[in-house]
Amino acid sequence: MKIFKSFILCITAAAAVFVSGCSTNIKKSEEIDAGYADKYIDLHLHLDGAITPEIAKKLADVQGMELPTDDDAELEKLLTVPEDCTSLNDFLKCFALPDSLMMTKEGLSEAVYQVAENIQSQGVIYAEIRFAPQLHTEKGMSQEDAVLAALEGLKRTDLKANLILCCMRGEGNEEANFETVELARKYLVDDGGVTGIDIAGAEALYPTSDYAELFAKAKEYGIPFTIHAGEADGAESVRYAIEYGAVRIGHGVRINEDKSVEELVKDKGIYLEMCPTSNRQTHAVEDMSDYPLIDYLNKGINVTLNTDDMAIEGTTLADEFRYMEREFGLTPEQEKIMLANSVNAAFTSENVKNELLKELGI
């Protein structure tokens with residue numbers, strides 16, 4: 001129950017409540033139209049938030065499970081939060097089904113494979129898929145079983161991709177978090193497997209300042225890490241994450257609440273994993289007309305563009321780029337800068353980074 005509580009708190013912090021409302025057919029100008037990115041890198045993608053109705057069907061089939069409905073429209077309602085959603089309960093319903101489909105080795109392996117194949121079909125050429133092994137143990141898998149299953153799924157795809165193991169904010173799961181770090185150490189590789197860790201969950205309730213010991217251990221082991229910070233909690237959360245040694249920040253959208261933190265991020269070359277649709281729906285930014293991504297770019301901050309919970313939000317990374325172009329005038333040159341940032345920030349080998357830059361034409 002304690003692990004389940006941590007899972008619920010994670011969902012509360014990361015909830016996205018309706019689709020982005022952007023269209024790939026709406027273009028701001030011919031100049032921007034000509035510069036649209038068509039190859040993408042997603043560094044912030046949660047596995048449990050990426051289970052589409054089509055993937056859910058495949059997971060059920062592989063495991064001989066029955067879905068709650070055979071109707072495609074009803075299945076989509078179970079997996080995607082509606083535009084008029086105002087209730088956390090409606091959001092949580094969207095995670096209950098994918099969670100239940102990833103409690104076996106077969107289900108988790110297939111989920112990683114199917115998500116990788118799906119995003120590759122959408123133009124993603126590199127991704128880091130993150131998940132919390134401790135949230136997949138309700139039906140007998142150990143955390144290590146979960147990691148091995150995810151690695152097996154990763155090996156089946158042609159997409160260049162790696163795994164980030166998430167620890168969880170919460171109470172009573174300290175041992176589970178340290179086990180996750182130990183597993184990351186055991187399976188850490190430069191590419192083609194586990195390449196980093198993260199911590200997700202209710203940032204405001206369980207502040208980053210509580211996890212110094214956990215990340216001291218990760219730093220001792222030489223494990224690269226990103227930390228969810230500056231989303232549900234303010235800029236000070238980002239300061240702690242940087243002090244611990246994080247080279248990337250999950251979201252970090254609120255660093256402008258403290259100019260000294262904003263300068264710290266810039267001066268240290270920290271990469272922000274920004275996710276506009278998610279930030280809009282979780283109200284990390286109340287007024288999206290003030291969304292600071294372009295401002296951060298103009299200040300020389302290392303911004304990257306990502307999805308977060310793409311299936312729950314009903315978005316894709318292409319949609320995120322189109323949204324930023326249409327609503328904020330994101331230019332082709334700025335897109336190239338962000339894509340280069342994503343390559344430089346990636347937890348992968350220098351060989352893969354060079355291949356990605358070549359493929360992107362940067």
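Keep in mind it's a predicted model, so treat the numbers as computed, not measured.
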Query raised in the report: So, does N306 use its side chain to make a donor-acceptor pair with the main chain of D308 at under 3.5 Å?
Result: no
Report task. Run the salt-bridge test on E152 and K105 with the 4.0 Å N-O cut-off and return the result as yes or no. Result -> no
**Report entry** Residues in side chain to side chain donor-acceptor pair (under 3.5 Å) contact with E174, at least two apart in sequence or another chain
**Finding:** none
Query raised in the report: Under 4.5 Å between side-chain heavy atoms, hopping through other hydrophobics if needed: is there a path connecting I227 to Y271?
Result: no
Query raised in the report: If we ignore angles and hydrogens, is there a donor and acceptor under 3.5 Å between the side chains of T316 and Q122?
Result: no
Query raised in the report: Of all heavy-atom pairs between I270 and A246, which one has the smallest distance, and what is that distance?
Result: CD1-O, 3.4 Å
Requested in this report: Using atom types as modelled and distance alone, determine if a side-chain donor or acceptor of R254 lies under 3.5 Å from a backbone N or O of E231.
Outcome: yes
Query raised in the report: Under 3.5 Å, is there a donor-acceptor pair between the T180 and N177 side chains?
Result: no
Query raised in the report: If we ignore angles and hydrogens, is there a donor and acceptor under 3.5 Å between the side chains of Q134 and N173?
Result: yes
Report task. For I362 and A340, work out which heavy atoms get closest and say how close. Result -> CD1-N, 3.8 Å
Requested in this report: Scan side-chain atoms only and decide if T315 and E320 contain a donor-acceptor pair under the 3.5 Å cut-off.
Outcome: yes
Query - Validation row: L108, D145 side chains within 4.5 angstrom (heavy atoms) - result: no
Query raised in the report: Is the number of heavy atoms from other residues, nucleotides or ligands under 6.0 Å of E175 CD greater than 12?
Result: no
Query raised in the report: Would you find more than 12 non-hydrogen atoms of other residues, nucleotides or ligands less than 6.0 Å from D267 atom CG?
Result: yes
Requested in this report: Taking only Lys NZ, Arg NE, NH1 and NH2, and the carboxylate oxygens of Asp or Glu, determine whether K266 and E263 approach each other closer than 4.0 Å.
Outcome: no
Query raised in the report: Do D287 and S289 have side-chain N/O donor and acceptor atoms under 3.5 Å apart?
Result: yes
Requested in this report: Report the distance from atom CD of Q334 to atom CG of L339, rounding to the nearest 0.5 Å.
Outcome: 12.0 Å
Query - Axial cation check for F347 ring with R248, 6.0 Å and 45° limits - result: yes
Query raised in the report: Side chains of Y296 and N302: donor-acceptor distance under 3.5 Å anywhere?
Result: no
Query raised in the report: Which heavy-atom pair separates S142 from T137 by the least distance, and what is that distance?
Result: C-CG2, 3.9 Å
Query raised in the report: Looking just at side-chain N and O atoms, do D191 and N162 make a donor-acceptor pair shorter than 3.5 Å?
Result: yes
Report summary line: Sorted by chain and number, sequence neighbours left out, side chain to side chain donor-acceptor pair (under 3.5 Å) with Y291 holds for N279
Query raised in the report: Would a distance-only check, ignoring hydrogens and angles, find a side-chain to backbone donor-acceptor pair under 3.5 Å from Q120 to A116?
Result: no
Report task. For D71 and E74, indicate whether the former's side chain and the latter's backbone hold a donor-acceptor pair under 3.5 Å. Result -> yes
Query raised in the report: Should we say atom CD of E286 is surrounded by more than 12 heavy atoms from elsewhere, each under 6.0 Å from it?
Result: yes
Requested in this report: Report yes if some heavy atom in the side chain of S342 is under 4.5 Å from a heavy atom in the side chain of L356; otherwise report no.
Outcome: no
**Report entry** Residues, nucleotides or ligands: over 12 heavy atoms within 6.0 Å of E144 CD
**Finding:** yes
Requested in this report: Look at the aromatic rings of H228 and H44 and report parallel, tilted or perpendicular, splitting at 30° and 60°.
Outcome: perpendicular
Query raised in the report: Are L148 and L47 co-members of a hydrophobic cluster defined by side-chain heavy atoms under 4.5 Å apart?
Result: yes
Report task. May I ask you to decide if K58's main-chain N or O and Q114's side chain share a donor-acceptor pair within less than 3.5 Å? Result -> no
Query raised in the report: Can you tell me how far CG of L293 sits from OG1 of T304, rounded to the nearest 0.5 angstrom?
Result: 8.5 Å
Requested in this report: Decide whether L159 and I51 are clustered together by the hydrophobic rule: side chain heavy atoms of Ile, Leu, Val, Met, Phe, Trp, Tyr closer than 4.5 Å, transitively.
Outcome: yes
Query raised in the report: Is a side-chain donor-acceptor pair under 3.5 Å present for D198 with T226?
Result: no
Report summary line: Minimal heavy-atom distance between S237 and A229, with the atoms involved, is OG-CB, 3.4 Å
**Report entry** Exam field: side chain R130 to backbone L43, donor-acceptor pair closer than 3.5 Å
**Finding:** yes
Requested in this report: Indicate the ring-plane relationship of F215 and Y244, choosing parallel, tilted or perpendicular according to the 30° and 60° boundaries.
Outcome: parallel
Query raised in the report: Is the closest side-chain donor-acceptor distance between E128 and T195 under 3.5 Å?
Result: no
Report summary line: Interatomic distance, CD1@I199 vs CG@L165, rounded to 0.5 Å, equals 13.0 Å
Requested in this report: Check salt bridge (charged side-chain N to carboxylate O under 4.0 Å, His left out) between D210 and all other residues, then give those that pass, not counting sequence neighbours.
Outcome: none
Query raised in the report: Side chain of S278, backbone of C275: donor and acceptor closer than 3.5 Å?
Result: no
Requested in this report: Report yes if the side chains of L264 and I242 come closer than 4.5 Å at any heavy-atom pair, otherwise no.
Outcome: yes
Query raised in the report: Is a salt bridge present between K299 and E262, judged by a nitrogen-to-oxygen distance below 4.0 Å?
Result: yes
Report task. For the pair T80 (side chain) and K77 (backbone), establish whether a donor and an acceptor sit closer than 3.5 Å, ignoring hydrogens and angles. Result -> no
Query raised in the report: Is it true that a side-chain atom of N354 and a backbone atom of E350 form a donor plus acceptor pair closer than 3.5 Å?
Result: yes
Query raised in the report: Under a 4.5 Å cut-off applied to non-hydrogen side-chain atoms, are L151 and L163 in contact?
Result: yes
**Report entry** Modelled atom types, side-chain donor and acceptor of T208 and R169, under 3.5 Å
**Finding:** yes
Query raised in the report: When the aromatic ring centroids of H46 and F131 are compared, is their separation below 6.0 Å?
Result: no
Query raised in the report: Any chance NZ of K358 has more than 12 other-residue heavy atoms, nucleotides or ligands included, within less than 6.0 Å?
Result: no
Query raised in the report: Under 3.5 Å, is there a donor-acceptor pair between the side chain of E117 and the main chain of Y113?
Result: no
